[in-house]
Amino acid sequence: MPYRPLRARIHLAAIRHNYRLAKQAASTAKALAVIKANAYGHGAVAVARALAPEADGFAVSCLEEALELRDSGIEAPILLLEGVFAPDELPLTARLDLTVVIHNRLQLAWVLGARPDRPLGCWIKLDTGMHRLGFAPEELPEVMASLEDCPHVRLQAAMTHFARADEPEHPYTAKQIAAFERALAGKRIASSLANSAALLSEPRAHGDWTRPGIMLYGASPFADPTRPLLGDLRLRPAMTLESALIAIKELAPGEPVGYGGRFVCTRPTRLGIAALGYADGYPRHAPDGTPIAVAGQLTRLIGRVSMDLLTLDLTDIAAQPGDRVELWGEQVSVGAVAAASGTIAYELLTGIGRRVPLIHE
Ligand SMILES: *Cc1c(COP(=O)(O)O)cnc(C)c1O
């Protein structure tokens with residue numbers, strides 16, 4: 001057992017529940033569960049094992065992440081979202097039966113020039129407006145033709161990625177969909193467009209394969225995390241980040257709390273000190289007032305977050321040393337902590353510190 005009371009409890013049943021909702025929300029499409037970045041901090045192998053009986057496949061960002069899954073016995077299709085970074089990765093990629101994204105000419109030349117032992121599954125990525133990775137839509141016919149002519153390639157799908165799907169009313173997503181549809185018109189190739197936000201807000205983007213990530217972990221994909229998701233659909237938070245109160249003190253009005261004295265008591269204050277800080281992944285930018293739950297009661301952060309500790313207001317609630325403190329989870333949404341701190345749930349979940357034990361349950 002860890003010595004500090006800090007841990008991240010990972011609810012695998014919640015992830016399975018959320019994956020099923022992703023499948024239901026886009027019922028004509030298959031869904032690649034995106035488990036890059038250690039499944040957004042939740043433990044990629046445990047998440048993949050939990051989803052393996054029902055997932056259509058997985059997506060990760062690089063060969064190392066896929067290798068970890070194959071080493072743990074995951075046999076489902078795995079897509080490398082950025083493809084390979086050098087041609088010498090291709091033999092192992094083919095041997096592990098991974099599917100690569102091809103997003104530029106360099107990767108295309110590597111794939112065409114490779115001599116893998118087994119056929120290599122490929123997706124073509126189109127840049128419809130994100131302007132990060134991908135071929136221009138006009139290049140699709142030529143890229144497709146060269147891959148179709150290549151005996152060691154199995155061309156499987158064309159994909160694109162949205163820049164503003166987290167703002168569901170924004171017209172830019174419709175422009176991207178239109179550009180993608182124009183490029184694919186009349187072509188016999190499967191399509192993949194939707195991340196979580198598009199999956200939940202843009203039926204025209206469902207295509208043949210969706211790519212849900214953040215929604216699997218129970219956080220809203222929308223820029224406004226209070227926005228309703230889709231009908232009465234409810235995601236279940238998959239991570240509870242918790243620690244315990246290790247000290248309590250009484251402070252008089254006028255006393256400052258913590259580094260820089262950012263918070264100054266305006267009334268007689270009971271201060272709680274919890275064993276968790278920014279080195280564990282809690283945002284140092286969290287302002288006074290950020291929600292925190294203690295023994296099931298909602299209260300607020302006061303004072304600047306330090307490396308190993310943070311301080312909270314116990315004045316109006318009942319609490320004693322040893323009580324459980326929830327930083328995010330079922331009572332406090334990770335989206336609310338992120339919004340208060342000027343960031344997004346993705347950054348907090350993927351930023352869980354190395355010394356936080358993940359407890360899968
Ligand atoms: C990370 C990623 C996703 C998943 O996005 P979410 O917003 O987490 O659902 C989908 N597609 C690509 C290309 C990605 O890189």
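Heavy-atom basis, side chains included; hydrogens, waters and symmetry copies ignored. Atoms within a ligand are numbered from 1 in the order they appear, just like the ligands themselves.
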Margin query: For Tyr217 and His42: C-alpha separation, side-chain torsions, deciding distance, then whether ring pair (Phe, Tyr, Trp, His ring centres under 6.0 Å) applies.
Written below: CA-CA 8 Å; Tyr217 310 104; His42 295 67; 4.5 Å; yes
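- Contacts of ligand 1 (protein heavy-atom distance under 4.0 Å) are Val34, Lys36, Tyr40, Leu81, Met159, His161, Asn195, Ser196, Arg211, Pro212, Gly213, Ile214, Tyr346.
- For the pairing with Ser192, the side chain to side chain contact (heavy atoms under 4.5 Å, CB included) check across Met159, His206, Gln156 returns one residue only, Met159.
- The shortest side-chain heavy-atom distance between Tyr282 and Thr290 falls under the 4.5 Å cut-off.
- A side-chain donor-acceptor contact under 3.5 Å links Tyr172 to the backbone of Gly129.
- A salt bridge does not link Glu148 with Arg188: every distance from a Lys NZ or Arg NE/NH1/NH2 to an Asp or Glu carboxylate oxygen is 4.0 Å or more.
- Under a hydrophobic clustering in which Ile, Leu, Val, Met, Phe, Trp and Tyr are joined whenever their side-chain heavy atoms come within less than 4.5 Å, directly or via other members, Met215 and Val337 fall into different clusters.
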